[in-house]
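Reviewing the structure listed below.
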Amino acid sequence: MSTAPATARRIRLARRIRLLVAATITYNVVEAVVALTEGTRVSSTALIGFGLDSLIEVSSAAAIAWQFAAPDPHTREKTALRFVAFSFFALAGYVTVESALSLAGLQQARHSPIGVALAGVSLVIMPVLSLAQRRAGQEYGSRSAVADSKQTLLCTYLSAVLLAGLLLNMLVGWWWADPVAALVIAGVAAREGRQAWRGDVCCGPVAVAEADGCCPPR
């Protein structure tokens with residue numbers, strides 16, 4: 001008697017995850033174009049790193065969409081998690097190198113009101129998308145969907161770091177705040193990459209995940 005409602009619920013959750021992934025991809029494409037264009041114009045390592053993170057979020061979300069296109073998404077779980085992890089590591093490596101070059105004095109970022117506005121908008125939008133996907137992923141029991149939601153949440157933290165770096169550069173003249181903000185982005189990305197590689201993300205029923213903060217055995 002309870003099998004049919006449970007199956008219907010899982011179908012709805014899978015559909016919700018696909019829709020949230022599509023929304024994440026759409027926003028991050030726009031975010032990446034603006035951040036990379038403006039970052040290149042003003043020589044901002046933090047903005048470029050933020051734009052690259054947006055592209056990585058797009059590729060990560062695409063991997064989740066590929067996973068949930070399968071009849072049984074769990075069969076593609078490990079591959080999707082590995083892709084998310086590699087994406088984080090690539091971002092961390094690139095941004096670290098670019099930040100080091102900036103701190104060495106090879107380039108200094110100029111002021112960017114557009115970057116400030118972009119960071120502010122992302123601070124509002126990304127937490128909503130992340131929370132919705134995390135809850136759906138936890139209830140469905142998908143580690144990769146939860147990992148992708150953490151990557152979306154990471155964008156919120158990075159938006160705050162980016163905003164601080166850009167404002168300090170623009171208002172106080174601390175040019176070094178931009179590459180330092182980028183290094184924070186790189187450090188967080190590396191940590192999230194390690195967690196995704198281990199599958200160390202919360203999944204399973206929301207009540208269980210929120211009670212003990214870990215995944216139930218599968």
Side-chain angles (χ1 to χ4, degrees), residues 13 16-39 44-65 67-68 80-81 83-85 87-92 94-95 112-140 142-167 178 181-193 195-196 200-203 206 209-210:
L13 285 171
R16 183 183 304 172
I17 290 172
R18 288 194 295 269
L19 289 173
L20 290 169
V21 166
T24 300
I25 290 175
T26 301
Y27 179 78
N28 277 286
V29 166
V30 176
E31 186 179 69
V33 170
V34 175
L36 290 173
T37 301
E38 180 67 1
S44 169
T45 306
L47 260 175
I48 292 174
F50 187 73
L52 289 174
D53 177 72
S54 299
L55 288 180
I56 288 173
E57 286 190 51
V58 170
S59 61
S60 173
I64 305 305
Q67 177 193 349
F68 277 83
L81 274 173
F83 188 87
V84 173
S87 298
F88 275 125
F89 292 146
L91 170 65
Y94 176 84
V95 172
S112 176
I114 293 177
V116 170
L118 176 65
V121 171
S122 294
L123 274 173
V124 175
I125 293 177
M126 302 314 287
V128 176
L129 287 175
S130 175
L131 178 61
Q133 186 174 341
R134 178 177 66 86
R135 288 186 176 276
Q138 286 176 337
E139 186 173 349
Y140 190 90
S142 171
R143 294 172 183 266
S144 58
V146 176
D148 188 60
S149 76
K150 291 182 69 177
Q151 190 160 11
T152 303
L153 184 60
L154 173 64
C155 186
T156 303
Y157 303 146
L158 300 188
S159 298
V161 172
L162 174 66
L163 184 61
L166 294 177
L167 286 176
D178 185 272
L183 283 174
V184 173
I185 292 174
V188 175
R191 185 196 66 183
E192 295 298 328
Q195 291 181 346
D200 185 17
V201 292
C202 292
C203 60
V206 175
E210 292 183 346

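Along the sequence shown, residues carry numbers from 1. Not measured: the values here are computed from a predicted model. Side-chain atoms are counted along with the backbone in the values below, which use heavy atoms only and exclude waters and symmetry mates.
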Can you name the closest pair of heavy atoms from Leu162 and Ala119 and give their distance?
CD2-CB, 3.9 Å

Distance col, row Leu20:CG vs Ile25:CD1, nearest 0.5 angstrom, shows 11.0 Å

Given Leu55 and Asn28, is the side chain to side chain contact (heavy atoms under 4.5 Å, CB included) satisfied, shown in steps?
CA-CA 7 Å; Leu55 288 180; Asn28 277 286; over 6 Å; no

Considering all heavy atoms, the nearest Phe89-Ala190 contact:
CE2-O, 3.7 Å

At what distance, to the nearest 0.5 angstrom, does OG1 of Thr156 lie from CG of Leu129?
9.0 Å

Looking only at heavy atoms, what is the nearest atom pair of Ser112 and Leu47, with distance?
OG-CD1, 3.6 Å

Would you kindly say whether Glu31 and Ser122 are connected by a side-chain donor-acceptor distance under 3.5 Å?
yes

Do you know the tightest heavy-atom contact between Gly51 and Ala35?
CA-CB, 3.6 Å

Taking the side chain as every heavy atom from C-beta outward, state whether Val33 and Val30 have any pair of such atoms under 4.5 Å apart.
no

Should Glu38 and Leu118 count as side-chain neighbours, where that means a heavy-atom distance under 4.5 Å?
no

CG/Leu158 to CG/Leu163 distance, rounded to the nearest 0.5 angstrom?
12.5 Å

Evaluate the side-chain proximity of Leu36 to Phe50: yes if any heavy-atom separation is below 4.5 Å, no if none is.
no

So, taking the atom named CZ in Arg16 and the one named CD in Glu139, what distance separates them when rounded to the nearest 0.5 Å?
7.0 Å

Rounded to the nearest 0.5 Å, how far does CZ of Arg135 lie from CD1 of Ile17?
13.5 Å

Judged by atom type as modelled, is there a donor-acceptor pair below 3.5 Å linking the side chain of Ser130 to the main-chain atoms of Pro127?
no

Side-chain heavy atoms of Met126 within contact of Tyr27, under 4.5 Å
yes

